[in-house]
Amino acid sequence: VSASAPPTAAPAPRLAPAWRVWTLRAAPYLVAASVVAWVLHKYPAHQIAAEMRLGHAAAMLPAGLAVAFVVWLPYAASDRLVMLGTIGPVPFRDVVRAKAATATLLLLGYFFGGGGYAVWIARKTGVGAARAAGVVLYLMSSDLAAVCAVAGASAWLGGAEVPHALRTVATSIFAVLASLILIAPLGVPPRLPVILQAWRQVPRAWGLAQIGVRSINIAIISGLTWVGARAFGMDVPAGVMAIYMPIILLVTSLPLSVAGLGASQAAWLLLLPWASGPRILAFQVLWQLFTSAGVLLRGLLFVRRVASEMAGGQRGARVSGT
């Protein structure tokens with residue numbers, strides 16, 4: 001009897017060309033470097049440093065540190081609502097400490113993007129990597145939807161002073177993301193890959209509610225930024241900050257900045273009519289430094305335990321319903 005032929009190996013997945021991979025990786029760095037070079041050419045570093053010395057940095061420190069702590073619990077509550085719809089009951093206290101610790105690890109360069117949070121979800125709850133990544137993708141999309149909602153409203157309220165392109169982009173992104181939250185639970189489209197199942201599983205009311213909470217956080221961040229700017233010595237009207245700060249957050253959230261450098265500096269210059277370029281950039285650098293310090297202080301107590309869970313040292317049991 002002739003022996004059966006050995007099974008043929010599955011064809012290896014087709015990899016993208018190396019030049020394309022490296023181009024995509026380098027693009028944010030090139031954009032960030034180009035914008036920073038343009039900003040420093042227009043506003044020399046010594047002028048920015050001089051404004052840092054003239055401003056009241058110590059007075060703005062409390063507001064900068066407060067940002068991370070004030071929005072912490074609302075963001076964690078919004079994240080847990082999504083997890084309840086996609087994974088099952090995850091203790092709120094666990095989400096609170098993971099939210100703080102993974103943000104700190106991200107700031108320290110331990111993980112890139114939302115990868116650390118996805119790893120924690122996968123290890124702590126026992127779900128697969130694809131489902132955990134899908135939850136984080138839903139959370140990041142919700143953050144973007146909230147920023148666009150507030151930025152779009154601010155842009156329309158700002159009238160002709162706000163570029164029409166920004167108004168259109170913010171409104172369009174929000175409309176698309178909100179439509180997905182409303183339509184996907186109805187079974188449209190009929191099939192979704194695992195990484196997109198969160199849109200099918202999270203109830204529409206929950207999805208819209210957590211975006212509402214995130215939008216309130218955006219408004220709080222804008223208010224605290226205005227307090228910090230006033231303390232620093234920038235006399236920006238509250239209404240102006242309410243209009244432009246969400247737009248600045250929208251530009252900053254796009255993949256055009258590296259470690260806070262890049263398009264965010266150009267976006268801050270929207271405030272030029274109310275302060276000089278060097279003064280705005282001096283405040284922006286100090287504000288980013290102080291808010292980052294708040295993120296570090298918030299998460300340092302939880303980093304060791306959460307990092308252990310992410311490494312698999314303390315795997316949680318599979319959550320019921322998954």
Between V67 and V70, is there a shared hydrophobic cluster once you connect ILVMFWY residues whose side-chain heavy atoms come closer than 4.5 Å?
yes
Cluster link I211 to L182, ILVMFWY, side chain under 4.5 Å:
yes
Flag, side chain of R123 to backbone of M310, donor-acceptor distance under 3.5 Å
yes
Take a 6.0 Å sphere around NE2 of H46 and say whether it holds more than 12 heavy atoms from other residues, nucleotides or ligands.
yes
Aromatic rings Y244 and W274: how do their planes relate, parallel, tilted or perpendicular, breaks at 30° and 60°?
tilted
I'd like to check L105 versus V303 (side-chain heavy atoms, cut-off strictly below 4.5 Å). Are they in contact?
yes
Going through the checks in order, is the side chain to side chain contact (heavy atoms under 4.5 Å, CB included) test met by I181 and Y138?
CA-CA 10 Å; I181 289 177; Y138 187 100; 3.8 Å; yes
Same cluster (ILVMFWY, side-chain, under 4.5 Å), F290 and V285:
yes
Might you point out which heavy atoms bring Y117 and K99 nearest each other, and give the distance in Å?
OH-CD, 3.9 Å
When rounded to the nearest 0.5 angstrom, what is the spacing between CD in E309 and CZ in F302?
12.0 Å
So CD1 of I243 and CG of L270: to nearest 0.5 Å the spacing works out to 11.5 Å
Sub-3.5 Å donor-acceptor pair from the side chain of W268 to the main-chain atoms of L281, do we have one?
no
Quick one: does L186's side chain get under 4.5 Å of R204's, heavy atoms only?
yes
The reported gap from CG in L107 to OG1 in T102 (rounded to nearest 0.5 angstrom) is 11.5 Å
Are M52 and Y43 linked, directly or through intermediate hydrophobic residues, by side-chain heavy-atom contacts shorter than 4.5 Å (ILVMFWY only)?
yes
If you take all heavy atoms of A118 and A132, which pair is closest and at what distance?
O-CB, 3.4 Å
pair M234-M60: side-chain heavy atoms closer than 4.5 Å
no
Taking S264 for its side chain and V251 for its backbone only, find out whether a donor-acceptor pair lies under 3.5 Å.
no
In Å and rounded to the nearest 0.5 Å, what is the CD1 to OG1 distance from I121 to T86?
7.5 Å
What heavy-atom pair brings V306 and A98 nearest, and what distance separates the two atoms?
CG2-CA, 4.0 Å
Give the intermediate values and the outcome of side chain to side chain contact (heavy atoms under 4.5 Å, CB included) for residues I173 and V169.
CA-CA 6 Å; I173 293 176; V169 168; 3.7 Å; yes
Would you find a donor on one side and an acceptor on the other, under 3.5 Å apart, between the side chain of S308 and the backbone of R304?
no
Is there a side-chain contact between L144 and L250, using heavy atoms and a 4.5 Å cut-off?
yes
Least distance between heavy atoms, A63 atom then V227 atom
CB-CG1, 4.2 Å
So F69 and L297, do their side chains get closer than 4.5 Å, heavy atoms only?
yes
Donor-acceptor check, side chain of S154 to backbone of A242, threshold 3.5 angstrom: yes or no?
yes
Just wondering, do I221 and T225 contact through their side chains at under 4.5 Å, heavy atoms?
yes
Look at the side-chain heavy atoms of Ile, Leu, Val, Met, Phe, Trp and Tyr, link any pair under 4.5 Å apart, and say whether L272 and F283 land in one connected group.
yes
Under 4.5 Å between any side-chain heavy atoms of W206 and L84, yes or no?
yes
Under 3.5 Å, side chain of R298 to main-chain N/O of A68, donor-acceptor pair present?
yes
Kindly compute the distance separating CZ (F232) from CG (L286), expressed to the nearest 0.5 Å.
5.5 Å
On a heavy-atom basis, the closest approach of V35 and A266 is CG1-CB, 4.0 Å
Regarding Q284 and Q288, do their side chains bring together a donor and an acceptor under 3.5 Å, going by distance alone?
yes
Would you tell me whether T171 and W156 have side-chain atoms, one donor and one acceptor, within less than 3.5 Å of each other?
yes
Looking only at non-hydrogen atoms, find the nearest pair between V147 and P246 and report the distance.
CG1-O, 3.9 Å
Take Q210 and V82 through the side chain to side chain contact (heavy atoms under 4.5 Å, CB included) test and state the conclusion after the steps.
CA-CA 8 Å; Q210 55 96 25; V82 173; 3.9 Å; yes
Answer yes or no: is there a donor N or O on one side and an acceptor on the other, between the side chain of R131 and the main chain of V194, under 3.5 Å?
no
Residue list, ring pair (Phe, Tyr, Trp, His ring centres under 6.0 Å) with W226, at least two apart or on another chain:
none
Do L196 and L137 make a side-chain contact, defined as non-hydrogen atoms from C-beta onward lying under 4.5 Å apart?
yes
Please assess E51 against S276 for the test side chain to side chain contact (heavy atoms under 4.5 Å, CB included), listing each intermediate value before the final yes or no.
CA-CA 10 Å; E51 291 292 346; S276 67; 4.2 Å; yes
I280 side, atom CD1; W287 side, atom CH2 - distance, nearest 0.5 Å
15.0 Å
